[in-house]
Amino acid sequence: MAEREADLTKTYDAVIVGSGAAGGMAAHVLTAHGLQVLLLEAGKKLPIEQELRSMEWPYDNAHRGFLPPQSHSLSFNEYTIRNPPYGPGFEKSEHLHSYVGSSDYVKNIVVNERENPFTGTNYAWVRARCLGGKTNIWGRLALRLSDYDFKAKSRDGYGDDWPINYNDIAPYYDKVDLYLGITGVRENLPYLPDSIFQRPTKLNCAEVTLKQGIQKMGRVLTQYRAGVTSEGLKHNKYRSRCYGRGACERKGGCDIHAAFDSPTGLIYPAMDTGNLTLRTNAVVREITVDPQTGKASGVHFIDSQTMKDYSVRAKVVVLAASTLESARLLLLSKSRLYPNGLANSSGHVGHNFCEHVMGPGVAGRAKDLVGKPPTLDDGRPGGFYLTRFRNLAEKHPKFIRGYGFEGGSGSTLFPRGTDVHGFGASFKEEVRRNQGAFVGMGAFGEVLSRYENYVDLDPAVKDKWGVPSLRFHYKFQDNEHRMAEDMKETAQEMFEAAGFEIVHVSSRVLTEGWSIHELGTARMGTEPKTSVLNQFEQSHDVKNLFVVDGSAFVSASCQNPTWTIMALCWRSCDYLADEFQKGNL
Ligand SMILES: Cc1cc2nc3c(=O)[nH]c(=O)nc-3n(C[C@H](O)[C@H](O)[C@H](O)COP(=O)(O)OP(=O)(O)OC[C@H]3O[C@@H](n4cnc5c(N)ncnc54)[C@H](O)[C@@H]3O)c2cc1C
Ligand code: SF4
């Protein structure tokens, strides 16, 4: 792969900020169109295979796979009783991580919260500052949205419709499927469109029992739709097909890159075109503006290691720093022309912030599997997805929108979810007898997009590089709490229908942010007074500025967002390249 030094004296066709799902996709599409692109990434380029070590046995790891003693990862209770930026009380922990950073394999991937503080309401903000961002460790559930989501307002009257419909984005979902690979099974559901799937994983015994148990209720359980290549990708030499190697269930990513990650899936192939220059350790702090034209002229960035400040010029600026970081950058880019921040004449930047609510779920036991010989259930990129069933044909009296469940069953490297107590040989024997019979699932539900849920800049707190931090003003409200109540009840009712013995029911709603699906802070729309971007994720105010990550979402839906982020980004970058070539930017 041809790596080249960034040339800060030249004007690039486009500068992309951030190298995760969105930035990687923008790099792929723009370089394929022949643009000369500079990709700036705040984090390091990690020797990622040495970090992830997917096949390492627990006994070969100094801490059995957990964090070293000088590190700490925040627990649910710590998020609720302590206030960000988590200063006092953690003096002994040199490195303080979000709840995701609890394993030795991700400790260098997720950020040190101390270096990256934020303030305001409680929020479990998971950030990965390294090449590839959060795609190095994402859960891979890759779902499409449908017109039930894009036209949700037309169905229930709340919020706003998206400025696109499913037919606009469907060809781009197809392109993402074929370029990156996805596994799953066709179900022909109007509210969860099928992808172009590669070979699916198999459901195991208890999962099939649940699928059959809920069929009579008109509910659908399908194989986990994983952003993983199970058959290989002839056009990509950096990724292997999934071997289901047996130790894959461990927290962390996939060191053979069968699971999509942005570097091997998008960035390295884009570098091979000769049109992409990558600079890591480049913390962008402002988008610069030409005072004559009002257009974006490039960015200022700080070298994260030397702390030196640099500028680079570009004809187009593409923000892909993730939903909250892109909003932060727009707010940071204040000037005489744009006193409220860039692209913010509507005052909507940072607002309409939405995501998914999580927590309620159920764990149980398929009694007929207790004592059966263990099966190999670890070697799959996921278990099952139980699709949305609320507010489709009928209207729920207590809440609008919907939720789905992610779950799994079977024998795993670390037996999970058993309610066995005791110690010694009899305890171990009981764990062994029960572990393959375990089945559990948890819900992800749509959080409504609301203007009053927002982020702005903290007037005092700054990060390690002196850049003002974000301040959260964000809370779940009644619709989410009523939905969570229903999640708990339906989870139980479905396990009962499948004949499972229920071991544990969780009604606890997890801290805001837990889903890691932040969305909506620079939403698309047809009306520049109430939206930030048009349907091609182009700023209404500044035509050579695009924001191609989850910021553009108009509503959250209940489906995981990454496949949609990438399909939208591909569509927007095709449009960008076309406009660029016509000289319209
Ligand atoms: C544990 C986990 C499980 C997940 N599971 C799923 C799942 O199953 N399905 C799903 O759809 N999604 C899942 N997600 C979410 C998914 O990872 C994100 O939706 C996706 O990565 C978003 O892509 P992005 O490019 O917007 O942001 P990111 O992937 O976060 O990339 C943003 C990049 O921008 C960089 N950056 C930020 N600020 C700056 C700056 N100022 N200057 C330069 N660079 C900057 C960051 O360092 C980062 O590399 C999961 C995430 C995690 C962490
Ligand atoms: S199951 Fe497949 S995708 Fe998952 S870590 Fe293992 S090889 Fe990678």
Side-chain angles (χ1 to χ4, degrees), residues 15-26 39-44 52 54-55 98-101 106 109-111 116 126-143 181 183 201 224-230 239-263 279-287 299 301-302 304 319-326 328-329 332 355-356 378-382 385 406 444 463 465 467 515-519 547-552 559-566 569:
V15 61
I16 301 171
V17 182
S19 68
M25 183 54 80
L39 175 57
L40 295 177
E41 163 54 50
K44 292 191 176 84
L52 297 173
S54 308
M55 294 304 285
S98 65
Y99 80 94
V100 168
V106 302
I109 295 174
V110 297
V111 301
N116 297 274
V126 176
R127 287 156 291 172
R129 271 204 172 186
C130 58
L131 185 67
K134 297 193 289 281
T135 66
N136 289 297
I137 49 170
W138 73 307
R140 306 141 199 185
L141 185 58
L143 302 174
T183 74
T201 52
Y224 201 79
R225 294 183 172 179
V228 164
T229 172
S230 54
R239 297 180 61 194
S240 159
R241 73 176 175 81
C242 170
Y243 285 95
R245 297 165 294 169
C248 305
E249 170 68 359
R250 214 196 33 222
K251 281 185 196 167
C254 173
D255 64 2
I256 58 169
H257 312 291
F260 159 73
D261 58 65
S262 169
R279 180 155 174 160
T280 49
N281 298 327
V283 181
V284 175
R285 62 171 182 81
E286 189 181 340
I287 302 139
V299 298
F301 69 93
I302 304 161
S304 66
L319 283 191
S322 76
T323 297
L324 291 165
E325 293 288 11
S326 289
R328 182 180 174 201
L329 276 168
L332 283 165
E355 53 154 346
H356 296 147
D378 259 339
R380 300 184 297 172
Y385 185 65
E406 290 180 36
F444 284 69
D463 68 16
W465 299 273
V467 183
S515 68
I516 328 177
H517 294 161
E518 314 91 39
L519 301 162
V547 188
V548 295
D549 52 32
S551 313
Q559 285 94 284
N560 308 40
T562 307
W563 229 242
T564 303
I565 291 174
M566 291 195 286
C569 175

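Both ligands and their constituent atoms are indexed starting at 1 by order of listing.
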Are any of the N/O atoms in [X] less than 3.5 Å from those in ligand 1?
{"X": "Trp138", "result": "no"}
{"X": "Thr323", "result": "no"}
{"X": "Val100", "result": "no"}
{"X": "Ile565", "result": "no"}
{"X": "Asp549", "result": "no"}
{"X": "Thr562", "result": "yes"}
{"X": "Val283", "result": "no"}
{"X": "Gly139", "result": "yes"}
{"X": "Ala22", "result": "yes"}
{"X": "Leu141", "result": "yes"}

Inset, instruction - Consider ligand 2: state whether an atom of it lies below 4.0 angstrom from any non-hydrogen atom of Pro381. - result: yes
Inset, instruction - Could you tell me whether ligand 2 has any atom less than 4.0 Å away from a heavy atom of His257? - result: no
Any atoms of ligand 1 less than 4.0 Å from a non-hydrogen atom of [X]? List them with their elements.
{"X": "Val17", "value": "42 (N), 43 (C)"}
{"X": "Glu325", "value": "37 (C), 38 (N)"}
{"X": "Thr135", "value": "21 (O), 29 (O)"}
{"X": "Ala128", "value": "46 (C), 47 (O), 48 (C), 49 (O)"}
{"X": "Ala282", "value": "42 (N), 43 (C)"}
{"X": "Ser19", "value": "33 (C), 34 (O), 49 (O)"}

Legend entry - Tyr243 neighbourhood, listing ligand 2 atoms whose heavy-atom distance to it stays under 4.0 Å: 7 (S)
Inset, instruction - Would you mind listing which atoms of ligand 2 come within a distance below 4.0 Å of any non-hydrogen atom of Arg140? - result: 4 (Fe), 5 (S)
Looking only at protein heavy atoms, which one is nearest to [atom], and what is the separation?
{"atom": "atom 44 (N) of ligand 1", "result": "Ala42 N, 3.0 Å"}
{"atom": "atom 34 (O) of ligand 1", "result": "Gly18 CA, 3.2 Å"}
{"atom": "atom 40 (C) of ligand 1", "result": "Val284 N, 3.7 Å"}
{"atom": "atom 30 (O) of ligand 1", "result": "Lys134 NZ, 2.9 Å"}
{"atom": "atom 23 (O) of ligand 1", "result": "Ala21 CB, 3.4 Å"}
{"atom": "atom 37 (C) of ligand 1", "result": "Ala321 O, 3.3 Å"}
{"atom": "atom 15 (C) of ligand 1", "result": "Ile516 O, 3.5 Å"}
{"atom": "atom 47 (O) of ligand 1", "result": "Glu41 OE2, 2.6 Å"}

Legend entry - Steps toward side chain to side chain contact (heavy atoms under 4.5 Å, CB included) verdict (Tyr385, Arg225): CA-CA 8 Å; Tyr385 185 65; Arg225 294 183 172 179; 5.9 Å; no
Legend entry - Parallel, tilted or perpendicular: rings of Trp138 and Trp563 (30°, 60°): parallel
Inset, instruction - Only heavy atoms count here, so choose which of Gly20, Ser322, Gly253 is nearest to atom 27 (O) of ligand 1. - result: Ser322
Legend entry - Nearest-option assignment for atom 3 (S) of ligand 2, heavy atoms, candidates Leu52, Val228, Thr201, Ile256: Val228
Proximity of [X] to ligand 1 by residue part, where a heavy atom lies under 4.0 Å:
{"X": "Ala142", "result": "neither"}
{"X": "Ser262", "result": "neither"}
{"X": "Arg140", "result": "backbone"}

Inset, instruction - Please answer whether the main-chain N or O of Val228 pairs with a side-chain N or O of Thr183 as donor and acceptor at a distance below 3.5 Å. - result: no
Legend entry - Donor-acceptor contact present, side-chain Asp255 to main-chain Ser54, <3.5 Å: yes
Inset, instruction - Return yes when at least one N/O/S atom of Cys242 is nearer than 2.8 Å to atom 2 (Fe) of ligand 2, and no when none is. - result: yes
